[in-house]
Visitor: 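Encoded as structure tokens, here's the structure I'll be asking about.
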Amino acid sequence: MAKWQERAELLFKPEGLNNLRNANVLVVGVGGVGSFAAEFLARAGVGNLTIVDGDVVDITNINRQLPALHSTVGLSKIDVVGNRLMDINPELNLTKVQEFLSPERAFEIVEEKYDYVLDCIDSVTPKLNLIIGAKRKRVKIISSMGAGGKMEAAKVKVADITNTVNCMFAKTIRRRLKEHKIDKLKVVFSSEIQDESSLKMTDGSNYKKSFYGTNSYMPGLFGLYMAETVIRFLIKKVNN
């Protein structure tokens, strides 16, 4: 055990820490939600991590994204986050995939080797295809629903998508998944009603047509809940 993991071992126990070290996790999207989720996974001791993102840091990301600083504007998110993760755990087996996932590529990115997939995509079509790909390959997945337009931390929770309320993004994904006969999906969502006045339309690039205003803590909180779900599963995983 590395010295920096001393306190984690006290809580996770040696077998739990070993499970994390041997785990292989995929995080798709390292923006407001995914950057925090990836860091929590690395700090917990996950030994094999693949991160996927094709974006660069924009100045508008600074209010909520871990890689976003004035000094990193214009830099690749995947590199900024990747360097940070390796600084946390120099022994991390890290794979960086620098690309915007097309809907077709989203099907392919999931492989049976992954113990868990964290879907931190905020565009409907690639997100949908990532979920379908994971379900068809029987790989466990947790998906982030809409953190935008919301303020109340206490209303964030993990649930099956069938039990989500007051989340238009979840409603859209749920309806589309039914078309593919998928009715079960673990998600992080907020039951708070969105502030509709914070909605802004976009030019539709990168499969994203609009976005809501966001604050500093809600995306990170979504990432925390995703990481917690995955870490607790991995600690208790029975390896055959």
Side-chain angles (χ1 to χ4, degrees), residues 23-38 40-41 46 49-53 101-150 155-194 207-212 218-237:
N24 196 349
V25 179
L26 171 66
V27 179
V28 184
V30 290
V33 176
S35 59
F36 284 93
F40 294 139
L41 292 171
V46 169
L49 198 57
T50 298
I51 56 176
V52 182
D53 202 301
L101 288 189
S102 66
E104 296 75 22
R105 178 77 171 118
F107 275 126
E108 305 168 351
I109 199 76
V110 180
E111 299 180 45
E112 286 85 353
K113 66 181 181 180
Y114 295 117
D115 295 293
Y116 228 115
V117 174
L118 288 81
D119 160 33
C120 307
I121 302 174
D122 56 6
S123 304
V124 171
T125 304
K127 186 180 200 73
L128 187 72
N129 285 1
L130 180 68
I131 295 166
I132 294 169
K135 290 291 185 178
R136 288 181 178 174
K137 295 175 184 177
R138 299 185 181 278
V139 177
K140 295 187 76 65
I141 184 169
I142 183 167
S143 183
S144 173
M145 296 293 106
K150 309 218 175 189
K155 292 189 176 180
V156 179
K157 60 192 76 176
V158 177
D160 188 82
I161 195 167
T162 56
N163 296 322
T164 57
V165 293
N166 297 330
C167 180
M168 297 306 296
F169 196 41
K171 185 177 181 180
T172 298
I173 297 296
R174 185 170 66 238
R175 185 183 69 249
R176 296 279 297 273
L177 286 176
K178 280 186 177 180
E179 297 170 4
H180 296 271
K181 303 188 185 315
I182 296 172
D183 57 6
K184 293 286 186 182
L185 175 67
K186 192 180 292 292
V187 301
V188 180
F189 83 104
S190 166
S191 60
E192 180 186 357
I193 297 173
Q194 284 173 305
Y207 311 99
K208 188 171 183 179
K209 297 179 180 179
S210 64
F211 59 84
Y212 283 91
M218 289 296 279
L221 184 56
F222 272 53
L224 183 153
Y225 272 104
M226 296 181 83
E228 180 224 6
T229 301
V230 174
I231 290 164
R232 293 181 67 181
F233 168 79
L234 294 173
I235 288 171
K236 297 178 180 178
K237 184 180 178 185

Visitor: I'd like to check the salt bridge (Lys or Arg N to Asp or Glu O under 4.0 Å) partners of K150; sequence neighbours left out, ordered by chain and number.
Guide: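 Once residues adjacent in sequence are excluded, K150 has no partner under the salt bridge (Lys or Arg N to Asp or Glu O under 4.0 Å) criterion.
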
Visitor: First locate atom CG of L41, then atom CZ of F36, and finally report the distance between them rounded to the nearest 0.5 Å.
Guide: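 Result: 13.5 Å between the selected atoms.
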
Visitor: Going by the ring-ring contact (aromatic ring centres under 6.0 Å, His included) test, which pairs reach into residues 117-143, not counting sequence neighbours?
Guide: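 Qualifying pairs: none.
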
Visitor: Which residues satisfy the salt bridge (Lys or Arg N to Asp or Glu O under 4.0 Å) test with E228, sequence neighbours excluded?
Guide: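 So E228 forms a salt bridge (Lys or Arg N to Asp or Glu O under 4.0 Å) with R232.
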
Visitor: May I have all residue pairs that pass ring-ring contact (aromatic ring centres under 6.0 Å, His included) and include part of residues 115-135, sequence neighbours excluded?
Guide: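 Sorted result for residues 115-135: Y116-F233.
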
Visitor: Quick check: closest heavy atoms across A37 and A227, and the distance to 0.1 Å?
Guide: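 Where A37 meets A227 most closely, the heavy atoms are O-CB, 3.9 Å.
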
Visitor: Which residue in the set I141, L118, V139, V52 passes side chain to side chain contact (heavy atoms under 4.5 Å, CB included) when paired with L26?
Guide: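 Testing L26 for a side chain to side chain contact (heavy atoms under 4.5 Å, CB included) against I141, L118, V139, V52 leaves exactly one candidate, V52.
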
Visitor: What's the spacing between T125 OG1 and E104 CD if we round to 0.5 Å?
Guide: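 Here the interatomic distance stands at 9.5 Å.
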
Visitor: Do L234 and V25 have side chains that approach each other closer than 4.5 Å (heavy atoms only, starting at C-beta)?
Guide: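 A side-chain contact under 4.5 Å exists here.
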
Visitor: Any sub-3.5 Å donor-acceptor pair from N24's side-chain atoms to D115's backbone N or O?
Guide: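 Absent.
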
Visitor: Looking at S143 and I131, what are the two nearest heavy atoms and their distance?
Guide: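 Between these two residues, the closest heavy atoms are OG-CD1, 3.8 Å.
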
Visitor: Does anything in residues 166-187 form a ring-ring contact (aromatic ring centres under 6.0 Å, His included)? List the pairs, not counting sequence neighbours.
Guide: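 ring-ring contact (aromatic ring centres under 6.0 Å, His included) check on residues 166-187 returns no pairs.
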
Visitor: Quick check for you: to the nearest 0.5 Å, what is the distance between F40 atom CZ and L224 atom CG?
Guide: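 Going from CZ on F40 over to CG on L224, the span is 4.5 Å.
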
Visitor: For residues 117-142, pull every pair meeting ring-ring contact (aromatic ring centres under 6.0 Å, His included), keeping only residues two or more places apart or in separate chains.
Guide: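 Every pair satisfying ring-ring contact (aromatic ring centres under 6.0 Å, His included) with a residue in residues 117-142: there are none.
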
Visitor: Kindly write out the residues that satisfy side chain to side chain contact (heavy atoms under 4.5 Å, CB included) with R105, not counting sequence neighbours, or none if the list is empty.
Guide: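 Scan of R105 (side chain to side chain contact (heavy atoms under 4.5 Å, CB included), adjacent residues dropped) gives V97, E99, L101, S102, E108, I109.
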
Visitor: Where do L49 and A38 come nearest, in terms of heavy atoms and distance?
Guide: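 Distance-wise, the nearest heavy atoms are CD2-O, 4.0 Å.
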
Visitor: Tell me which donor-acceptor pairs under 3.5 Å the side chains of residues 185-194 have, and how far apart each pair is, sequence neighbours excluded?
Guide:
| residue | atom | partner | partner atom | Å |
| --- | --- | --- | --- | --- |
| S190 | OG | E192 | N | 3.1 |
| E192 | OE1 | M151 | N | 2.7 |
| E192 | OE1 | E152 | N | 2.7 |
| E192 | OE2 | M151 | N | 3.1 |
| Q194 | NE2 | G148 | O | 3.2 |

Visitor: If you define the side chain from C-beta out and look only at heavy atoms, does anything of V156 sit under 4.5 Å from Y225?
Guide: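 Answer yes - side chains close enough.
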
Visitor: So, using side-chain hydrogen bond (donor to acceptor under 3.5 Å, both in side chains) as the criterion, who are the partners of Y114 when residues are at least two apart?
Guide: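 Listed in chain order: T50.
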
Visitor: In chain order, what residues pass the salt bridge (Lys or Arg N to Asp or Glu O under 4.0 Å) check against D119, with sequence neighbours excluded?
Guide: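 Result, salt bridge (Lys or Arg N to Asp or Glu O under 4.0 Å) vs D119: K127.
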
Visitor: Please give me the minimum heavy-atom distance between G34 and C120, naming the atom from each residue.
Guide: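 Looks like CA-SG, 3.5 Å.
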
Visitor: Considering all heavy atoms of both residues, which atom of P103 and which atom of N129 are nearest to each other, and what is their separation?
Guide: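 Reported closest heavy-atom pair: O-ND2, 2.7 Å.
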
Visitor: Under the side chain to side chain contact (heavy atoms under 4.5 Å, CB included) test, which residues partner K184, sequence neighbours left out?
Guide: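 Once residues adjacent in sequence are excluded, the partners of K184 under the side chain to side chain contact (heavy atoms under 4.5 Å, CB included) criterion are K135, D160.
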
Visitor: Do any side-chain atoms of residues 170-179 form donor-acceptor pairs under 3.5 angstrom with protein atoms, and if so which ones, sequence neighbours left out?
Guide:
| residue | atom | partner | partner atom | Å |
| --- | --- | --- | --- | --- |
| T172 | OG1 | M168 | O | 3.1 |
| R174 | NH1 | I161 | O | 3.3 |
| R174 | NH1 | T164 | OG1 | 2.8 |

